[in-house]
Amino acid sequence: MRKSVASSSAWPGSVLVRGRGMSEGEGGGVTAMEMPYEVDGVNSVAGVRQGRESLPPETSTGVTAKVAGRLMLLRRQGKLAFGDLVDSSGRIQVMLSSRKTEGFDRFVHERVIGDWLAVEGEVITTKSGELSILADRWELLARTQRSFGDKWKGISDPDLRFRQRYVDLWVNPEVRRRLQSRSAVVSRIRSVLAEKDFMEVETPILQPIASGAAARPFVTHHNALDMDLYLRIAPELYLKRLVVGGFERVFEIGRDFRNEGISPRHNPEFTMLELYQAYTDMYGMMELAELLVAEAALAATGSTSVAYQGEQFDLAPPFKRDSMESLVSKALDQEIALEMGAERLAALARKAGLDPAPHLEAGHIVMELYEELVEPELRDPIFVTGFPQVVSPLARRHRDPEMAGRAERFELVVGGRELANAFSELTDPAIQRQHFEEQVAEREQGNAEAMAFDQDYVRALEYGLPPTGGMGIGIDRLVMLVTDAAHIKEVIAFPTLRPEQS
RNA sequence: GCGCCUCUAGCUCAACGGCAGAGCAACGGACUCUUAAUCCGCAGGUUCUGGGUUCGAAUCCCAGGGGGCGCACCA
C-alpha cells in the first residue's frame with residue numbers, strides 16, 4: 001500500500017519504506033529541511049575502538065564519545081535498544097536505554113535500518129562484553145527512504161550491486177575494503193614516485209589522433225572546432241614529449257579508454273600508471289617495477305605475500321627474468337628462435353593447435369605462441385624479456401648485436417596476467433617514423449589495433465629524446481591482484497554498464 | 001558477434017503443468033544486555049515483456065528484453 005509514492009519506484013530496491021516519500025514532519029518528527037547542517041565533534045569508530053578492544057564486561061570508562069554513521073542493524077529490547085552504527089572505519093554498537101537516552105521512544109518507533117545518525121554517550125562495555133556507546137542523546141542526520149536488502153545476505157545480484165554501488169558499499173563490506181585498498185595503493189605509488197623525484201603531470205585525454213598503444217579508440221566531436229577527437233588509449237607519446245621538453249622524470253595516473261570488449265579483466269575505461277625516466281633503460285624500470293609492486297602489496301595487505309583466488313604469490317623483489325623465446329621453447333619442449341623464420345614458426349604454431357593468420361612475421365608468431373602457451377601459465381612474478389621488435393614499435397632495439405630483431409622491452413607477468421609493460425624508449429626519429437609506417441601498413445592489412453602515425457611525435461624526437469626508460473602499470477589489475485578480486489568490476493567503483501532500462 | 005545458463009514480493013530464495021509461498025526488510029504490538037535477537041500480528045505479486053500450446057502456464061514452446069558465464073575480441 002505504501003509503496004510507489006514517487007515516480008521513480010520502478011527500480012528494484014525502490015519501495016519507499018514507511019511512507020517515507022513524505023517528510024517526517026507529517027508524523028511529528030523533523031522534516032528534511034530541519035536536518036542538521038553540521039555535526040560537531042564526531043569521532044571515528046576506529047578511533048573510539050582504539051586501545052579498548054579487551055575491556056572486561058560492564059566497564060564504564062567515564063569517557064564520552066560521539067560517533068556518526070549509518071544504522072545497519074537494530075535490536076529492540078523493550079526499554080533497551082541496540083544498534084550497529086557503521087562508518088568508513090568500522091562498526092560499533094550503540095546502546096540506548098529509556099532511562100538514559102533522550103528521545104528513546106522516538107528512536108524505537110521512528111528509526112529504521114539505513115538511517116544516518118549521530119550518537120553521543122559514554123563508552124562502555126555491555127554485560128556480554130561488547131564495546132558500545134551508551135547514548136545520552138542521538139540525532140538524525142538523514143533518513144533512508146529505501147531498504148537495504150536482506151540483512152544477512154545483502155544484495156547479490158551483480159547488476160544491482162554495480163549500478164547501486166552506494167548500497168553495495170553498505171551491505172557487502174569487502175567492497176568498501178577493496179576500494180579503500182585501491183586508494184591506499186594509488187596513494188603509496190604517488191609517494192614512492194615523489195620520493196624518487198618524479199613529477200606528476202596531466203596530458204590530454206582528448207587527442208586529435210589516438211596513438212601510443214594498439215587499441216580501438218572512442219571517437220567524439222568538438223563542435224566549435226568542428227573536428228573529431230579521440231579519447232586517449234594511452235598517454236605515452238605526450239609523456240615522452242615532456243621528457244623531450246626537459247622534465248627528466250614524469251608520471252601520470254589517469255584513465256585510458258579503449259573501445260573494445262568488456263570482460264572480467266577489461267573495462268572500457270581503466271586506470272593506467274605511466275612513467276618515464278631519463279638516463280635509464282628497461283633495467284632501471286625493472287627495479288622500479290619491483291619496488292612499486294611490492295609497495296602496492298604492502299599498502300593493501302601489509303605483506304608482499306598475497307593470496308589470489310586460491311593461489312599464493314610472492315611479490316617480494318627480486319623477480320625472475322626470462323626471455324620470450326626461452327619460455328616458448330620450454331613450453332613447446334623444442335628450441336625456437338626468431339631466426340627460424342615465419343614459415344617454420346607458423347608450422348610449429350599450427351602443430352601446437354594455434355591458427356596464425358597468413359602474412360605474419362616471425363615476431364608476431366612468437367608473440368602469439370607466447371600469449372597462448374606461456375603467459376597464462378606464469379605464476380610468481382616474472383619479467384619476460386626479448387620481445388620481437390615488430391610487436392614493439394615504440395621500444396628501442398636491443399643493444400646486443402646477438403639480439404637483433406628484439407627490442408629492449410619487458411612485460412611483468414603475475415598469475416598469468418600482464419601487470420606492467422616497459423621499454424628502453426625508442427629515441428631515433430627515423431626509426432620511429434619507419435615503425436609508424438609499418439603500423440600503418442599493418443592497419444591496411446586489416447589489423448584494426450595497429451598504431452596510428454603521429455607526425456608531431458616524430459618531430460619531437462627530432463629535437464632529441466635522451467636515453468629514457470618508460471613503463472606502464474595497469475592500476476586496476478594491480479589492485480585486483482592485491483585485493484584478491486576476480487573481476488575488474490570489483491575494483492572500479494562505477495564500472496561501465498548498459499544504461500538502466502526503465 | 002556466437003553458445004550455454006538465468007529472470008518469482010524491496011532483498012535472498014521456494015513452488016517446476018493443478019489455489020503463488022517462506023525468511024529477512026517494512027508496518028502494528030510485547031519484551032531492560034541484544035549480536036542475523038526472539039515472539040505475536042498485519043501487509044506485500046503484470047512470476048521480465050509479447051505471442052503460442054493446454055481444460056488449466058511462474059512452470060512447456062517461440063520471439064524480444066535484462067543479467068551471468070564461456071568463446072571470440074583485447075600485442
Side-chain angles (χ1 to χ4, degrees), chain A residues 1-4 9-20 57-58 72-84 91 93-101 104 108-109 112-114 124-130 132 134 144-164 167 171 213-216 233 258-268 270 324 360 363-368 370-372 375 384 387-388 390-395 407 409 411 417-418 421 439 442 447-451 474 486-487 489 497-502:
Chain A
M1 284 328 301
R2 291 208 158 110
K3 65 183 280 191
S4 301
S9 60
W11 182 245
S14 70
V15 162
L16 302 179
V17 297
R18 227 190 194 191
R20 286 187 160 215
E58 299 194 80
M72 293 309 290
L73 285 176
L74 182 53
R75 299 175 287 279
R76 279 172 277 227
Q77 184 75 32
K79 295 193 170 63
L80 282 182
F82 300 87
D84 285 8
R91 178 207 76 95
Q93 176 165 276
V94 293
M95 176 175 169
L96 297 88
S97 114
S98 64
R99 274 212 299 268
K100 287 207 158 173
T101 307
F104 177 83
V108 165
H109 286 103
V112 298
I113 289 175
I124 60 152
T125 57
T126 61
K127 279 183 184 170
S128 56
E130 175 151 3
S132 307
L134 176 54
T144 183
Q145 298 179 22
R146 299 177 189 266
S147 71
F148 275 73
D150 190 291
K151 76 178 172 189
W152 184 238
K153 295 183 176 173
I155 53 175
S156 56
D157 179 347
D159 191 54
L160 214 56
R161 288 189 48 224
F162 301 136
R163 284 190 201 284
Q164 295 190 270
V167 178
V171 300
R216 297 184 195 208
I233 56 176
R258 297 186 183 178
N259 203 343
E260 291 162 351
I262 293 176
S263 85
R265 285 161 294 285
H266 299 83
N267 196 60
F270 60 97
M324 182 178 290
L360 289 184
H364 291 120
I365 298 167
V366 170
M367 185 76 177
E368 191 168 332
Y370 162 74
E371 287 184 328
E372 293 298 321
E375 191 180 63
V384 179
F387 275 69
V390 69
V391 297
S392 313
L394 300 172
R409 171 182 177 185
E411 283 187 5
R417 293 187 195 158
E418 174 193 339
N421 183 17
Q439 289 292 305
E442 279 195 31
N447 181 357
E449 281 86 32
M451 209 172 284
H487 202 298
K489 285 178 178 172
L497 302 171
R498 283 195 176 81
E500 194 174 318
Q501 66 131 28
S502 55

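Residue numbers begin at 1 in each chain, while the letters A, B, ... track the order of the sequences. On a predicted model such as this, the values are computed, not experimentally measured, just so you know.
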Among [options], the nucleotide that comes nearest once only the side chain of [X] is considered:
X	options	value
A:Pro264	B:rG70, B:rC27, B:rA36	B:rG70
A:Leu80	B:rU32, B:rA26, B:rC11	B:rU32
A:Asp159	B:rA37, B:rU12, B:rG67	B:rG67
A:Lys151	B:rG67, B:rA37, B:rC27	B:rA37

Counter-base of [N], judged by Watson-Crick or G-U geometry with both distances under 3.5 Å:
N	value
B:rC27	B:rG41
B:rC73	none
B:rU8	none

Considering only the [atom1] atoms, how many Å lie between [N] and [M], rounded to the nearest integer?
N	M	atom1	value
B:rG52	B:rA72	P	41 Å
B:rU59	B:rG17	C1'	7 Å
B:rC39	B:rA26	P	16 Å
B:rC48	B:rG41	C1'	33 Å
B:rA36	B:rG23	C1'	11 Å
B:rA15	B:rA58	P	16 Å
B:rU8	B:rU47	P	12 Å
B:rU6	B:rC42	P	36 Å

Using whole Å, what does the distance between atom [atom2] of nucleotide [N] and atom [atom1] of [X] come to?
X	N	atom1	atom2	value
A:Trp152	B:rA25	CH2	P	13 Å
A:Ile113	B:rC27	CD1	C1'	14 Å
A:Gln164	B:rC11	CD	P	9 Å
A:Asn259	B:rC73	CG	P	17 Å
A:Leu73	B:rC33	CG	P	19 Å
A:Phe148	B:rA26	CZ	P	12 Å
A:Phe82	B:rU38	CZ	P	15 Å
A:Asp157	B:rC48	CG	P	14 Å

(request) Taking all non-hydrogen atoms of both residues into account, name the closest pair between A:Val167 and A:Phe148 and its distance. (result)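 In this case the closest contact between A:Val167 and A:Phe148 is CG1-CD2, 4.0 Å.
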May I ask you to decide if [Y]'s main-chain N or O and [X]'s side chain share a donor-acceptor pair within less than 3.5 Å?
X	Y	answer
A:Thr125	A:Glu58	yes
A:Arg258	A:Arg216	no
A:Ser97	A:Lys100	yes

Within the 4.0 Å heavy-atom criterion, would you say [X] contacts the bases, only the backbone, or no part of the nucleic acid?
X	value
A:Glu368	nothing
A:Glu260	sugar-phosphate
A:Glu58	nothing
A:Ser156	sugar-phosphate
A:Pro268	nothing
A:Thr126	base
A:Lys489	sugar-phosphate
A:Gly114	nothing
A:Met451	base
A:Lys79	base

(request) Take A:Ser97 and A:Phe387, find for each the nucleotide of RNA chain B with the closest heavy atom, and name the residue whose nucleotide sits nearer the 5' end. (result)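 By nearest-heavy-atom nucleotide position, the 5'-most residue is A:Ser97.
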(request) Would you kindly compare A:Ile124 and A:Val390 by the position of their nearest RNA chain B nucleotide and give the one closer to the 5′ end? (result)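 The 5'-side residue here is A:Ile124.
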(message) Nearest 0.5 angstrom please: A:His364 NE2 to A:Glu442 CD, how far?
(response) 4.0 Å
(request) For residues A:Leu80 and A:Arg75, determine if any side-chain heavy atom of one lies less than 4.5 Å from a side-chain heavy atom of the other. (result)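 Answer no - side chains too far apart.
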(message) Angle between ring planes, A:Phe387 versus A:Tyr370, binned at 30° and 60°: parallel, tilted or perpendicular?
(response)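 Geometry flag for A:Tyr370 against A:Phe387: perpendicular rings.
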Can a donor-acceptor pair under 3.5 Å be found between the side-chain atoms of [X] and the base atoms of [N]?
X	N	result
A:Arg99	B:rU32	yes
A:Asp150	B:rG23	yes
A:Gln93	B:rU34	yes

Do any side-chain nitrogens or oxygens of [X] fall under 4.0 Å of OP1 or OP2 in [N]?
X	N	answer
A:His487	B:rG68	no
A:Arg75	B:rU34	no
A:Arg163	B:rG67	yes

(message) Any salt bridge linking A:Arg161 with A:Asp157? Criterion: basic side-chain nitrogen under 4.0 Å from a carboxylate oxygen.
(response)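 No, no charged N to carboxylate O under 4.0 Å.
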(request) Decide, yes or no, whether a salt bridge links A:Glu260 with A:Arg265 under the criterion of side-chain N to carboxylate O below 4.0 Å. (result) no
